*Asks:* 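Can you keep this structure in mind? I'll have questions shortly.
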Amino acid sequence: MPKSGSAPTINDVARIAGVSKKTVSRVINRSPLLKEATQKKVQKVIADLGYIPNPQARALALRRNFLLGLLHDNPNAQTVLNFQEGVLDAIRDTEFALVVRPVDRHSPDMLEDIRSFLELQRLYGVLLLPPISENDDLAKLCRDMGCGYVRMGSAALDEAEHLVQSNDREMVESVIDYLVGIGHRRIAIIEGPAGFRSAAERRDGFLAAMKRHGLEVPAAAIARGTYRFNSGIEAATQLLASDASISAIFASNDEMAAGAYHAARERGIKVPDQLSIIGFDNSPIAAHIWPPMTTVGWPIREMAKAAALKLIAPDSEEALPSTFPASLVTRDSVAPPPDGR
């Protein structure tokens with residue numbers, strides 16, 4: 001036992017457990033190289049002694065700080081916030097902290113700027129949000145620097161240990177199936193911005209489902225937004241002005257869908273009596289707008305928690321999944337078309 005009145009040290013843990021100091025360090029750092037019996041024995045001694053590892057000493061030994069970096073260039077503030085909350089769920093009651101770093105994906109210096117940031121912060125690992133998560137050169141940079149990373153995306157971007165993904169394309173197909181099932185035929189889409197894999201996956205799901213149902217998608221039924229509210233107003237205004245027969249709009253995120261509500265109201269069109277609207281994300285705005293919006297629930301918080309655990313506790317059961325299915329959240333913004341169109 002340690003001397004009376006003194007805090008237990010790593011040397012005390014090693015001596016009582018009958019292992020080396022290096023083995024104790026490996027247990028603390030969750031090394032997968034140790035036998036389960038050894039891990040349990042050392043963990044019991046740590047618990048019995050009340051030994052608290054020194055994070056500064058661990059950081060020096062690992063040549064890393066106990067920091068996770070969240071790198072993003074995402075216009076949807078709610079997505080970033082939800083992801084942060086999921087990461088904080090994972091690191092609560094640990095010595096880890098989160099550093100959030102916005103980047104400019106259009107800058108020719110983005111990779112060098114991120115390299116400098118990683119070198120300066122000595123991060124334990126990084127979490128990459130779309131669309132920069134879709135940049136294979138960025139993933140390679142992390143590997144070359146020995147920095148752990150996990151990419152979030154709407155498709156399979158990497159190996160499971162480096163990935164959390166949703167099933168956007170499949171889910172949007174289900175959205176169109178739902179609309180067609182209650183009678184809609186003239187369905188329009190407000191797609192997301194160019195350069196986002198999520199926008200492409202959601203558009204492809206929309207087009208695939210419409211084709212499967214034998215429904216035409218004229219150019220007038222497609223408008224592009226930026227994932228922001230004002231762009232939803234502009235896109236929906238364009239759609240409704242171009243084709244008065246449109247009975248439903250699928251918007252690639254909730255902010256743009258809320259903009260579509262605004263555009264419909266400006267034209268005296270009632271939701272859902274005359275126009276059904278569906279969003280994507282299940283953000284707070286979807287529940288707070290009137291009438292409450294039908295949307296796709298994207299489990300961002302759960303994905304973020306799993307992503308963080310893949311870095312700090314890869315053997316955790318919650319860290320294992322790489323695919324997180326979305327689901328349709330039905331509210332009051334959808335109804336059968338008034339004239340069967």
Side-chain angles (χ1 to χ4, degrees), residues 29 55-56 58-91 94-166 192-201 226-228 298 300-301 303-314 319 322:
N29 292 318
Q56 287 77 24
R58 290 180 63 197
L60 287 172
L62 291 171
R63 297 186 178 182
R64 298 284 179 202
N65 288 318
F66 287 92
L67 298 174
L68 298 182
L70 172 56
L71 305 183
H72 75 89
D73 182 6
N74 194 301
N76 191 330
Q78 191 63 51
T79 295
V80 178
L81 178 60
N82 289 346
F83 199 89
Q84 288 182 56
E85 290 176 345
V87 175
L88 294 177
D89 288 341
I91 65 176
T94 74
E95 65 269 65
F96 286 92
L98 176 64
V99 178
V100 180
R101 177 79 168 190
V103 301
D104 180 4
R105 71 184 187 279
H106 298 300
S107 169
D109 300 320
M110 184 191 77
L111 290 178
E112 283 307 310
D113 290 343
I114 291 176
R115 180 189 296 275
S116 298
F117 175 69
L118 297 180
E119 289 174 344
L120 178 65
Q121 298 295 332
R122 295 189 305 161
L123 299 176
Y124 195 91
V126 291
L127 303 155
L128 308 175
L129 282 184
I132 64 167
S133 61
E134 297 155 11
N135 188 319
D136 291 335
D137 289 336
L138 176 53
K140 182 177 184 301
L141 171 65
C142 294
R143 290 194 298 270
D144 291 346
M145 296 187 67
C147 181
Y149 70 93
V150 178
R151 306 160 77 175
M152 178 183 183
S154 300
L157 303 172
D158 213 314
E159 300 297 327
E161 64 187 291
H162 297 297
L163 176 70
V164 288
Q165 71 169 96
S166 57
F196 279 66
R197 182 68 177 269
S198 59
E201 291 290 320
T226 65
Y227 279 158
R228 296 188 185 279
W298 199 26
I300 300 174
R301 189 163 178 165
M303 294 169 75
K305 182 176 181 180
L309 289 172
K310 284 176 185 288
L311 293 173
I312 67 172
S322 60

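Below, all heavy atoms of this structure are taken into account, side chains as well, without hydrogens, waters or symmetry copies. None of the values given here were measured: they were computed from a predicted structure.
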*Asks:* Distance from Arg101 atom CZ to Leu71 atom CG, nearest 0.5 Å?
*Replies:*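 Rounded to the nearest 0.5 Å, the CZ-CG separation comes out at 8.5 Å.
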
*Asks:* Can you name the nearest heavy-atom pair linking Ser154 to Glu201, along with the distance?
*Replies:*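 In this case the closest contact between Ser154 and Glu201 is O-CG, 3.8 Å.
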
*Asks:* Please work out which of the three classes, parallel, tilted or perpendicular, describes the rings of Tyr149 and His162, given edges at 30° and 60°.
*Replies:* parallel

*Asks:* Minimum heavy-atom separation for Ile300 to Phe83, with atom names?
*Replies:* CG2-N, 3.8 Å

*Asks:* Is Leu111 close to Arg115 at the side-chain level, that is, under 4.5 Å between some pair of heavy atoms?
*Replies:*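 No, side chains not in contact.
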
*Asks:* Please check: side-chain N/O of Lys305 versus main-chain N/O of Gly86, any donor-acceptor pairing under 3.5 Å?
*Replies:* no

*Asks:* Does Asp136 come within less than 4.0 Å of Arg143, counting only side-chain N to carboxylate O?
*Replies:*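 Not counted as a salt bridge, because no side-chain N and carboxylate O are separated by less than 4.0 Å.
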
*Asks:* Does any part of the side chain of Leu157, heavy atoms only, come nearer than 4.5 Å to the side chain of Gln165, both counted from C-beta?
*Replies:*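 When only atoms from C-beta onward are counted, Leu157 and Gln165 do not touch, as no gap falls below 4.5 Å.
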
*Asks:* Check whether any side-chain N or O of Lys310 sits under 3.5 Å from a backbone N or O of Gly148 as a donor-acceptor pair, and report yes or no.
*Replies:*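 Not a single qualifying donor-acceptor pair exists.
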
*Asks:* Taking the side chain as every heavy atom from C-beta outward, state whether Phe117 and Val103 have any atom pair closer than 4.5 Å.
*Replies:*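 The answer is no, as the side chains (C-beta and beyond) never meet within the 4.5 Å cut-off.
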
*Asks:* Any non-hydrogen side-chain atom of Leu127 less than 4.5 Å from a side-chain atom of Leu311?
*Replies:* yes

*Asks:* Are Asn135 and Met110 close enough, and set up right, to give a side chain to side chain contact (heavy atoms under 4.5 Å, CB included), and what steps lead you there?
*Replies:* CA-CA 11 Å; Asn135 188 319; Met110 184 191 77; 3.6 Å; yes

*Asks:* Give a yes or no on whether the backbone of Met152 and the side-chain of Ser133 come within a donor-acceptor separation of less than 3.5 Å.
*Replies:*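 Side chain of Ser133 to backbone of Met152, a donor-acceptor pair under 3.5 Å: yes, one is there.
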
*Asks:* To check you understand the geometry: which heavy-atom pair defines the closest contact between Ala199 and Pro193, and what is its length?
*Replies:* CB-O, 3.5 Å

*Asks:* Just by modelled atom types, is the Arg105 backbone N or O under 3.5 Å from a matching donor or acceptor in the Asp73 side chain?
*Replies:* yes

*Asks:* With rounding to the nearest 0.5 Å, note down the distance linking CG in Leu129 to CD in Glu134.
*Replies:*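 Result: 10.5 Å between the selected atoms.
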
*Asks:* Hey, are the side chains of Val126 and Leu118 touching, using non-hydrogen atoms and a 4.5 Å cut-off?
*Replies:*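 When only atoms from C-beta onward are counted, Leu118 and Val126 do touch, with a gap below 4.5 Å.
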
*Asks:* Measure across Leu163 and Ala155 and return the closest heavy-atom pair with its distance rounded to 0.1 Å.
*Replies:*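 Closest approach of Leu163 to Ala155, heavy atoms only: CD1-O, 4.0 Å.
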
*Asks:* Looking only at heavy atoms, what is the nearest atom pair of Glu161 and Val150, with distance?
*Replies:* O-CG2, 3.9 Å

*Asks:* Start with the C-alpha distance between Tyr227 and Ser198, add both sets of side-chain angles, then the distance that settles side chain to side chain donor-acceptor pair (under 3.5 Å), and finish with yes or no.
*Replies:* CA-CA 11 Å; Tyr227 279 158; Ser198 59; 2.8 Å; yes

*Asks:* Is Asp158 paired with Arg151 through a side-chain N to carboxylate O contact shorter than 4.0 Å?
*Replies:*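 Between Asp158 and Arg151 there is a salt bridge, with a charged N closer than 4.0 Å to a carboxylate O.
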
*Asks:* Where do Gly69 and Leu123 come nearest, in terms of heavy atoms and distance?
*Replies:* CA-CD1, 3.9 Å

